[in-house]
Enquirer: 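One structure coming up, written as structure tokens, with questions to follow.
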Amino acid sequence: MDTVTSLGAEKPVVIFSKSNCCISHSIKTLICSFGANPTVYELDELPNGQQLERELVAMGRRPSVPAVFIGKELVGGSNEVMSLHLKGKLVQSLRKAKAIWV
């Protein structure tokens with residue numbers, strides 16, 4: 001869990017994803033649509049991707065991707081991100097993390 005947590009804390013927005021996952025793609029598109037520039041780790045393209053995925057599963061992430069960190073905190077997956085968005089709190093979270101300024 002240490003690697004995932006430390007990578008998740010490196011930038012304002014970090015997304016663990018898989019390049020062929022349409023849900024991950026949708027979440028990345030949503031976050032980018034607000035002007036954020038997330039750091040994205042495509043687990044299926046990284047040499048240590050399987051290890052990172054095992055860490056995410058150990059953290060209780062099922063499915064393991066997408067896993068979204070905003071402001072060094074694990075927000076969760078697509079359901080949690082969409083829920084924040086529908087409540088009008090996603091932009092607030094992105095601002096607070098200094099991922100966007102407007």
Side-chain angles (χ1 to χ4, degrees):
M1 282 186 258
D2 298 340
T3 311
V4 165
T5 306
S6 62
L7 289 172
E10 282 181 358
K11 302 286 182 187
V13 181
V14 177
I15 302 173
F16 292 91
S17 171
K18 288 190 179 174
S19 59
N20 59 356
C21 173
C22 60
I23 303 289
S24 292
H25 176 76
S26 299
I27 294 300
K28 289 183 280 193
T29 303
L30 174 68
I31 288 173
C32 289
S33 74
F34 297 116
N37 188 12
T39 298
V40 178
Y41 294 100
E42 301 289 1
L43 300 184
D44 56 333
E45 296 175 355
L46 295 172
N48 65 338
Q50 287 183 324
Q51 174 209 336
L52 295 174
E53 186 168 9
R54 281 193 296 274
E55 285 187 34
L56 286 164
V57 169
M59 293 169 81
R61 299 291 331 132
R62 290 206 199 303
S64 57
V65 295
V68 180
F69 284 78
I70 299 176
K72 302 180 180 171
E73 305 257 329
L74 175 62
V75 172
S78 55
N79 289 347
E80 292 82 2
V81 171
M82 288 308 293
S83 178
L84 273 180
H85 178 49
L86 293 171
K87 291 177 188 167
K89 294 185 176 175
L90 181 57
V91 169
Q92 247 179 299
S93 297
L94 293 170
R95 271 197 205 112
K96 190 173 162 203
K98 299 195 176 10
I100 58 174
W101 288 270
V102 288

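Quantities reported herein were computed from a predicted structural model and do not represent experimental measurements.
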Enquirer: Could you measure the distance from the OG atom of S64 to the CG atom of L43? Nearest 0.5 Å is fine.
Expert: 6.5 Å
Enquirer: Which heavy-atom pair separates G8 from V14 by the least distance, and what is that distance?
Expert: O-CG2, 3.7 Å
Enquirer: Does I70 belong to the same Ile/Leu/Val/Met/Phe/Trp/Tyr cluster as V91, with side-chain heavy atoms less than 4.5 Å apart forming each link?
Expert: yes
Enquirer: Verify the neighbour count for atom CD of Q50: are there more than 12 heavy atoms of other residues, nucleotides or ligands below 6.0 Å?
Expert: no
Enquirer: Verify the cluster assignment for V57 and V68: are they in a single hydrophobic cluster under the rule of side-chain heavy atoms below 4.5 Å apart?
Expert: no
Enquirer: Of the non-hydrogen atoms in C21 and V65, which two are nearest, and what is the gap between them?
Expert: SG-CG2, 4.4 Å
Enquirer: Side-chain contact test, heavy atoms from C-beta onward, threshold under 4.5 Å: evaluate it for F34 versus R95 and give yes or no.
Expert: no
Enquirer: Should L52 and V40 be counted in the same cluster of Ile, Leu, Val, Met, Phe, Trp and Tyr side chains packed under 4.5 Å apart?
Expert: no
Enquirer: Using a cut-off of 6.0 Å, state whether more than 12 heavy atoms not belonging to D44 lie near its atom CG.
Expert: yes
Enquirer: Is a side-chain donor-acceptor pair under 3.5 Å present for E42 with S19?
Expert: no
Enquirer: Between I27 and V13, is there shared hydrophobic-cluster membership here, with clusters defined by ILVMFWY side-chain heavy atoms closer than 4.5 Å?
Expert: yes
Enquirer: If Ile, Leu, Val, Met, Phe, Trp and Tyr residues are connected whenever their side-chain heavy atoms lie under 4.5 Å apart, and connections chain through other members, are F69 and L94 in the same group?
Expert: no
Enquirer: Does a sphere of radius 6.0 Å around NZ in K28 hold more than 12 heavy atoms from other residues, nucleotides or ligands, not counting ones at 6.0 Å or beyond?
Expert: yes
Enquirer: Nearest 0.5 Å, please: how far is CG in L90 from OG in S83?
Expert: 10.5 Å
Enquirer: Could you check whether any side-chain N or O of T29 sits under 3.5 Å from a backbone N or O of H25, counting only pairs where one atom can act as donor and the other as acceptor?
Expert: yes
Enquirer: Please report the interatomic distance NZ(K18) to CD(E45), rounded to the nearest 0.5 Å.
Expert: 11.5 Å
Enquirer: Under a 4.5 Å cut-off applied to non-hydrogen side-chain atoms, are V4 and L74 in contact?
Expert: no
Enquirer: So which heavy atom on P12 is nearest to which on A97, and how close?
Expert: CB-O, 3.3 Å
Enquirer: Rounded to the nearest 0.5 Å, what separates atom CG in N48 from atom CD in E53?
Expert: 11.5 Å
Enquirer: Does S33 reach the main-chain N or O of L30 with its side chain, forming a donor-acceptor pair under 3.5 Å?
Expert: yes
Enquirer: Closer than 3.5 angstrom, by distance alone: can the side chain of E55 be matched with the main-chain N or O of T3 as a donor-acceptor pair?
Expert: yes
Enquirer: Between E80 (side chain only) and V75 (backbone N and O only), is there a donor and an acceptor less than 3.5 Å apart?
Expert: no
Enquirer: Can you tell me how far CG of L7 sits from CG of D2, rounded to the nearest 0.5 angstrom?
Expert: 10.5 Å
Enquirer: If you round to the nearest 0.5 Å, how far is CD of Q51 from CG of L56?
Expert: 10.5 Å
